[in-house]
Amino acid sequence: MRNRSQLETRFLAIWKRIEGPELVEELKFHPERKWRFDFAHPPTMVAIEVEGGIWDQSRHTRPAGFIKDCEKYNAGLVLGWFIFRLPGILITPDSLTEIKNIICQRITRNTLPPN
């Protein structure tokens, strides 16, 4: 298992507290590229990206890194993924409950018989 950031650890603690469905960590989602989502619920194609370093000029906020992230997220969308991007300020019980509810709605929709 990889080392988690403080934000990822906080995310998982809250996710457990709100009884969110099981997520896969570091899911490789693209058939050709090595891209991975931080957390994903593959049956519903919901991905969660924890966005760290937004205030300290990390790779994610420098122009080249930002462009690469856009390429990754756009590729995920083209493949049918529903992607949530969470900076630290959005890693809250309320925000995560909204994501949990979306996953639960998608589970319910996927288990209904076709008309």
Side-chain angles (χ1 to χ4, degrees):
M1 170 139 22
R2 69 184 174 87
N3 289 332
R4 295 183 186 122
S5 71
Q6 288 181 334
L7 291 177
E8 290 169 329
T9 300
R10 187 168 91 208
F11 169 85
L12 286 171
I14 296 170
W15 192 254
K16 182 177 181 178
R17 192 166 67 232
I18 66 167
E19 299 180 349
E22 185 175 341
L23 300 174
V24 175
E25 288 187 61
E26 290 293 310
L27 177 77
K28 184 178 181 291
F29 71 91
H30 196 275
E32 297 167 6
R33 304 288 300 263
K34 294 181 180 181
W35 287 321
R36 298 175 186 275
F37 289 131
D38 294 332
F39 301 98
H41 188 259
T44 58
M45 294 189 76
V46 172
I48 302 157
E49 286 285 293
V50 175
E51 302 289 356
I54 62 171
W55 300 109
D56 61 2
Q57 290 297 305
S58 74
R59 185 197 84 71
H60 296 284
T61 56
R62 289 191 197 114
F66 179 80
I67 290 167
K68 288 179 182 178
D69 281 348
C70 288
E71 181 184 12
K72 171 184 167 179
Y73 299 143
N74 289 342
L77 290 167
V78 167
L79 292 172
W81 285 92
F82 195 87
I83 305 167
F84 287 95
R85 299 180 62 195
L86 298 177
I89 197 166
L90 294 180
I91 299 175
T92 65
D94 288 344
S95 292
L96 273 52
T97 298
E98 289 178 3
I99 296 170
K100 173 189 167 184
N101 290 342
I102 293 290
I103 291 172
C104 291
Q105 288 169 7
R106 292 172 78 107
I107 289 170
T108 301
R109 194 174 337 143
N110 289 342
T111 58
L112 295 175
N115 291 337

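For the single chain, residues carry numbers from 1 onward in sequence order.
From L96, atom CG reaches atom CG of N101 across 11.0 Å, with rounding to the nearest 0.5 Å. Within the model, atoms NZ of K100 and CD of E19 stand 6.0 Å from one another, a figure rounded to the nearest 0.5 Å.
Nearest heavy-atom pair, P21 versus W15, reported as atom, atom and distance to 0.1 Å: O-NE1, 2.7 Å. In terms of heavy-atom proximity, L12 sits nearest to R4 at CD1-NE, 3.1 Å. Scanning all heavy atoms of the two residues, the minimum distance from H41 to E22 falls at CD2-O, 3.3 Å. When every heavy atom of R106 is checked against every heavy atom of M45, the shortest pair comes out as NH2-O, 4.4 Å. Shortest non-hydrogen contact noted between W35 and A75 is CZ3-CB, 3.4 Å.
Between the side chain of T44 and the backbone N or O of I103, no donor-acceptor pair lies under 3.5 Å. Looking only at distances, a side-chain donor or acceptor of K28 sits under 3.5 Å from a matching main-chain atom of H30.
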Next on the checklist: Between T9 and Q6, is the side-chain contact (heavy atoms from CB on, under 4.5 Å) condition met? List the steps.
Outcome noted: CA-CA 5 Å; T9 300; Q6 288 181 334; 5.6 Å; no

Next on the checklist: Run the side-chain contact (heavy atoms from CB on, under 4.5 Å) test on F84 and L90 for me, step by step, so that the C-alpha distance in whole Å, both residues' side-chain angles and the decisive distance to 0.1 Å come before the verdict.
Outcome noted: CA-CA 10 Å; F84 287 95; L90 294 180; over 6 Å; no

Checklist entry - Between E49 and K72, does a side-chain contact (heavy atoms from CB on, under 4.5 Å) hold up when you go through it step by step? => result CA-CA 11 Å; E49 286 285 293; K72 171 184 167 179; 3.0 Å; yes

Next on the checklist: Working note: E26 + D38, criterion side-chain contact (heavy atoms from CB on, under 4.5 Å); need CA distance, chi angles, decisive distance, verdict.
Outcome noted: CA-CA 5 Å; E26 290 293 310; D38 294 332; 3.8 Å; yes

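When the side chains of ILVMFWY residues are joined at heavy-atom separations under 4.5 Å, either directly or via intervening members, I89 and I18 end up in a single hydrophobic cluster.
The side chain to side chain contact (heavy atoms under 4.5 Å, CB included) check on R10 picks up L7, I14, I91, with sequence neighbours excluded. Every residue was checked against the salt bridge (charged side-chain N to carboxylate O under 4.0 Å, His left out) condition with E98, not counting sequence neighbours, and none meets it. Not counting sequence neighbours, the partners of L27 by the side chain to side chain contact (heavy atoms under 4.5 Å, CB included) test are V24, A40, P42, W81.
By the 4.5 Å heavy-atom criterion applied to side chains, L23 and F11 are counted as neighbours.
In this structure, R85 fails the cation-pi test against Y73, since its NZ or CZ atom is not both closer than 6.0 Å to the six-membered ring centre and inside 45 degrees of the ring normal.
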